Amino acid sequence: MHTDPTDLPAPSRLPSRPELPDPLEFRDGSPVESTADWRDRRAEIRQLLRQYVYGYAPGAPEIETATERTPGVCGGAATLVETEIAFADLPPDAPAITLALFLPADAVDAGRSVPVLLGLNWRGNHAAVADPAVTITDTAREHGGFEEEAADRGAAADYWCVEHVLSRGYGFATHQFADIDPDSGDPADGIRPYYDDELPGPPGTEWGVLAAWAWGLQRCVDALRPMEAVRAEEIIVLGHSRCGKAALLAGATDERIGLVAPHQSGTGGTALDRDNDQEGVGDITGTFPGWFADTYAAFEGQVDRLPVDSHCLAALVAPRPLIDTAGARDHWTNPGRALDAVRAAEPVWDLLGAEGIADDLPLYGDDEIADETVGSICHYRRETAHTLNEGYLDAVLDFADVHFDGAG
Ligand code: GTR
C-alpha cells in the first residue's frame, strides 16, 4: 500500500470530499474488512498524512546513549536517570537529546519496573522539579527562556506534577523540544537539515517541526525500552498543545508506544480540519509555517480535498488505548471537533476487536475513569482554559491504570 510519493496528486488535484474520509475505506473506494486489510489501509493513511500534513521523517538511526543515575532526588521520592541520546550517523556537534527520567524511589528500592509517562517540555528538564540534581542543559540556557537558576528550577512543577505522578507508581520522562528543534522558524536550526538527503518524498513533503519532535520522542522510546526499570510495553506519550500534536503523531506512528495522550492538541492534533471554526489550516500554517510539510498549507480554503483528517491519525493508535484531554474553556483547540474525531476513529477499534467508546463521551471533571466507564478511547474535559495540571494527569493515569496490569 505504499505509493511512490511522486505519484500522489498535488493538493489541488485531489477530489473534493466535504464529508470525513472513511478510515475503513481505501483511497480507491474498496472496503477495509479484516485486520489484514487494516494493515494495508494503515500504511496508506500513514503515507497520506506524511505526504499532505506532517512530512516524511527519516528512519530510526542507531542511537548512542550515556546514562547517569542519581538517587535521593525530590526529597528522596525519586531516582533521576539522565540519558544523553546521540545519533550514531551524525557528527558529534549535531543535536542530541538530554532525557530526564524520574523513577519512584520505592519501586527502585523494590526492584520493580514501572510504566512511564513521556512528554516534551518547553523550558528545560530542570523546570519540571526544583531539585538541583537536574542538569540545566546548554539547550535550556539558549532556548528555554532561561533567566536565573533559582527562579527556573521547578518553574513548571505545577504543570508536570512529577512527584504526584511518581506517587501513583509511574515514572516520568521528559526532554526539551529544542534538543531536536528549537521552533525558531528557521528550518536550518535543529536536527532536520542533517537528514535532508534521506527523505523519500518530493519537494514540499519534507518533515516539519512536529514530525521532527515526534521522531525525537520515538528515539526516547528507543532509549527507554531496554531500561530494566521501565516497562517497555507501558510507555505513555503525553504532550500539551504543540507538544500534544507531536505526541499524537509519535504515538500514532509507533506501535511500541503503549498509550497515547494528546492534551489540548487542537489543529494538527486531534481536532478535525473539516468544519473547524477555530484554528484553520491557514491560521496555523501562517503563524507556524515550519510545523508541517509545505504541502499542508495548500489546503487552506480547500480542506475538503484532504484525503485524511485528524480522525485518521487517531485511528492509527488502534487497538491501543487513546485518551484525548481537553479544556472546556480552551476554545481555540476546538474540543468539540476533537471529540468528533475520536468518535469517527472508533470503527477501527471495533474492526480490530477492541472496545472503543464504552460510555457516553465526554467524561468530565470528577467523572470516574474506570473499567466500567471507558473502553480503549476516552475524551475527557475539565473546566479550564489552555493548561496542564494534576487533574488532567490524574485522568491520564486513571485511564492507564485501566489498561496496564497492576500499575500504581
Ligand atoms: C497556539 C497555536 C496552537 C497551539 C499553541 C501552543 O498559538 O495556535 O495550535 O499549538 O499555540 O502550542 O502553544
Side-chain angles (χ1 to χ4, degrees), residues 49 52-55 118-124 127-128 143-145 155-156 158-160 174-186 189-190 207-217 237-252 260-294 296-297 299-301 303 306 309-311 313-314 324-342 381-382 384-389 392-393:
L49 287 162
Y52 296 114
V53 185
Y54 300 100
L118 165 67
L120 287 175
N121 71 68
W122 302 58
R123 301 188 56 162
H143 298 290
D158 294 342
Y159 181 96
W160 290 115
T174 189
H175 88 85
Q176 190 182 359
F177 61 63
D179 288 344
I180 289 291
D181 191 298
D183 206 13
S184 64
D186 182 350
D189 285 345
W207 54 343
V209 174
L210 295 173
W213 288 339
W215 179 92
L217 284 167
V237 68
L238 166 131
H240 177 214
S241 205
R242 67 197 68 185
C243 303
K245 305 178 208 297
L248 178 58
L249 180 59
V260 185
H263 176 54
Q264 301 180 338
S265 61
T267 302
T270 3
L272 293 162
D273 283 325
R274 283 175 175 75
D275 296 323
N276 191 328
D277 61 3
Q278 296 297 316
E279 187 169 29
V281 174
D283 296 318
I284 199 164
T285 57
T287 316
F288 306 102
W291 280 5
F292 299 90
D294 290 348
Y296 182 58
F299 292 95
E300 180 185 1
V303 286
L306 267 170
D309 210 320
S310 66
H311 66 308
L313 180 63
D324 181 58
T325 48
R329 286 189 278 114
D330 186 19
H331 307 296
W332 189 234
T333 59
N334 206 335
R337 288 306 268 162
L339 176 55
D340 290 343
V342 299
R381 292 184 195 163
R382 297 185 73 80
T384 75
H386 199 60
T387 188
L388 178 62
N389 62 32
Y392 287 114
L393 289 161

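Count residues from 1 along the sequence. In listed order, ligands and their atoms are each counted from 1. The structure presented is a predicted model; accordingly, all values stated were derived computationally and were not measured.
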Within the 6.0 Å centroid threshold, strictly below: His240 and Tyr159: yes
Interfacing atoms of ligand 1 (cut-off 4.0 Å, heavy-atom, Ile284): 9 (O)
For atom 3 (C) of ligand 1, closest protein heavy-atom neighbour: Glu279 OE1, 3.3 Å
Minimum heavy-atom distance Arg123-Gly145, with the two atoms named: NH2-O, 4.4 Å
Ligand 1 contacted by Lys245 (non-hydrogen, < 4.0 Å): yes
Min heavy-atom dist Thr287 to ligand 1 below 4.0 Å: no
Flag, side chain of Ser265 to backbone of Thr270, donor-acceptor distance under 3.5 Å: yes
Protein heavy-atom partner closest to atom 6 (C) of ligand 1 - residue, atom, separation in Å: Ser241 OG, 2.6 Å
Protein contact to atom 7 (O) of ligand 1 [nearest heavy atom, distance to 0.1 Å]: Phe288 CZ, 3.6 Å
Nearest-0.5 Å distance, CZ of residue Arg337 to CG of residue Asp275: 5.0 Å
Interatomic spacing from CG in Asp158 to CG in Asn389 - rounded to 0.5 Å: 9.5 Å
Contact atoms of ligand 1, heavy-atom distance to Arg242 under 4.0 Å: 6 (C), 10 (O), 11 (O), 12 (O), 13 (O)
Single hit among Trp215, Tyr296, Trp213 for ring-ring contact (aromatic ring centres under 6.0 Å, His included) with Trp207: Trp215
